[in-house]
K.L.:
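So that we are looking at the same thing, I have put the structure below in structure tokens.
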Amino acid sequence: MKNTLLQRQIACGRALIRSGRIPALRRKTGAELAAWLEARYRLFPLQSARALAVARENVLLNQPLREKLPPGEEPRPAAFAIPGFGGKWPVYVFIDLASGCFFVENSAALRDRLTAVQGLDAADLQNPWMVYNYTRCQKRYGENGDGNIASP
């Protein structure tokens, strides 16, 4: 049976968890992610119901993301466009300020930077794919997402 890329990534995440080489708990909030973006990019807030629904519905319709909502809270969506970011199409960033969940369209690099910046929480550390993906992004972009990787 041939291993798929996803199966190999999950196996790598499981190996990291078993070895105890897991990252420290330090998951940033949605507001902290929005502030990080604002400090680095010229953001154009999107206020349309359709744009805000992307952030809200992605959280509500996805059980693991819905579990990130604090008890009794509803999603608080924010949406931004970043024009001229590495291509002819604008990059769109959708953040739920209540849960910290985010989605990026048109830029895998920015998605990976935000993943490195956000960090993981206790539930994420139980998910081998999340551990693998975070460590991959952190190795590439560092904890601050700017490529400044701290020396051991």
K.L.:
Is any side-chain heavy atom of Asn133 less than 4.5 Å from a side-chain heavy atom of Thr115?
P.N.:
yes
K.L.:
Considering only residues two or more places apart or on different chains, which pairs with a residue in residues 9-20 satisfy side chain to side chain donor-acceptor pair (under 3.5 Å)?
P.N.:
Gln9-Trp129, Ser19-Arg21
K.L.:
Could you check Val117 against Lys28 for side chain to side chain contact (heavy atoms under 4.5 Å, CB included), going step by step and ending with a plain yes or no?
P.N.:
CA-CA 8 Å; Val117 168; Lys28 288 190 173 30; 3.8 Å; yes
K.L.:
Check for me, please, whether Leu125 and Tyr132 land in the same ILVMFWY cluster - side-chain distances under 4.5 Å, paths through other members count.
P.N.:
no
K.L.:
So, taking the atom named CG in Leu120 and the one named CD in Gln138, what distance separates them when rounded to the nearest 0.5 Å?
P.N.:
8.5 Å
K.L.:
Would you mind reporting whether Ile95 and Cys101 have side-chain heavy atoms less than 4.5 Å apart?
P.N.:
no
K.L.:
Quick one: are Phe94 and Pro77 in side-chain contact, heavy atoms under 4.5 Å?
P.N.:
no
K.L.:
Keeping to residues at least two apart or across chains, list the salt bridge (charged side-chain N to carboxylate O under 4.0 Å, His left out) pairs with something in residues 94-119.
P.N.:
Asp112-Arg136
K.L.:
Would a 4.5 Å heavy-atom cut-off, applied to side chains only, mark Ser107 and Val104 as touching?
P.N.:
yes
K.L.:
Are Trp36 and Phe80 connected, step by step, through hydrophobic side chains (Ile, Leu, Val, Met, Phe, Trp, Tyr) whose heavy atoms are closer than 4.5 Å?
P.N.:
yes
K.L.:
May I have all residue pairs that pass salt bridge (charged side-chain N to carboxylate O under 4.0 Å, His left out) and include part of residues 47-57, sequence neighbours excluded?
P.N.:
none
K.L.:
Quick one: does Gln118's side chain have a donor or acceptor within less than 3.5 Å of a partner on Leu33's backbone?
P.N.:
no
K.L.:
Enumerate the salt bridge (charged side-chain N to carboxylate O under 4.0 Å, His left out) contacts for residues 29-42, please, sequence neighbours excluded, ordered by first and then second residue.
P.N.:
Arg40-Asp146
K.L.:
Taking all non-hydrogen atoms of both residues, which atom of Gly142 and which atom of Ala116 are closest, and how far apart?
P.N.:
O-CB, 3.3 Å
K.L.:
With a 4.5 Å cut-off on side-chain heavy-atom distances among I, L, V, M, F, W and Y, is there a chain of contacts connecting Leu43 to Val93?
P.N.:
yes
K.L.:
Name the residue from Leu110, Ile82, Asn106 that meets the side-chain contact (heavy atoms from CB on, under 4.5 Å) definition with Tyr92.
P.N.:
Asn106
K.L.:
For a quick test of reading the model, state the closest non-hydrogen atom pair linking Val59 to Leu65 and the distance between them.
P.N.:
CG1-O, 3.8 Å
K.L.:
In Å, rounded to the nearest 0.5 Å, how long is the span from OG1 of Thr29 to CG of Leu97?
P.N.:
8.0 Å
K.L.:
Could you grab the distance from atom OG1 of Thr4 to atom CD1 of Ile10, nearest 0.5 Å is fine?
P.N.:
7.5 Å
K.L.:
Measure across Pro70 and Ala98 and return the closest heavy-atom pair with its distance rounded to 0.1 Å.
P.N.:
CD-O, 3.3 Å
K.L.:
Taking atom OH of Tyr134 and atom CZ of Arg27, what is their separation to the nearest 0.5 Å?
P.N.:
12.0 Å
K.L.:
Can you get from Leu6 to Met130 by hopping between Ile, Leu, Val, Met, Phe, Trp and Tyr side chains that sit under 4.5 Å apart?
P.N.:
yes
K.L.:
So, using side chain to side chain contact (heavy atoms under 4.5 Å, CB included) as the criterion, who are the partners of Gln126 when residues are at least two apart?
P.N.:
none
K.L.:
Can you name the side chain to side chain donor-acceptor pair (under 3.5 Å) partners of Asp121, sequence neighbours left out?
P.N.:
Lys68
K.L.:
In terms of hydrophobic clusters joined by side-chain contacts under 4.5 Å, are Val91 and Val54 together?
P.N.:
no
K.L.:
Which pair of heavy atoms, one from Phe103 and one from Ala55, lies closest together, and at what distance?
P.N.:
CE1-O, 4.1 Å
K.L.:
Hey, could you give me the OG/CZ distance between Ser99 and Arg76, rounded to the nearest 0.5 Å?
P.N.:
9.0 Å
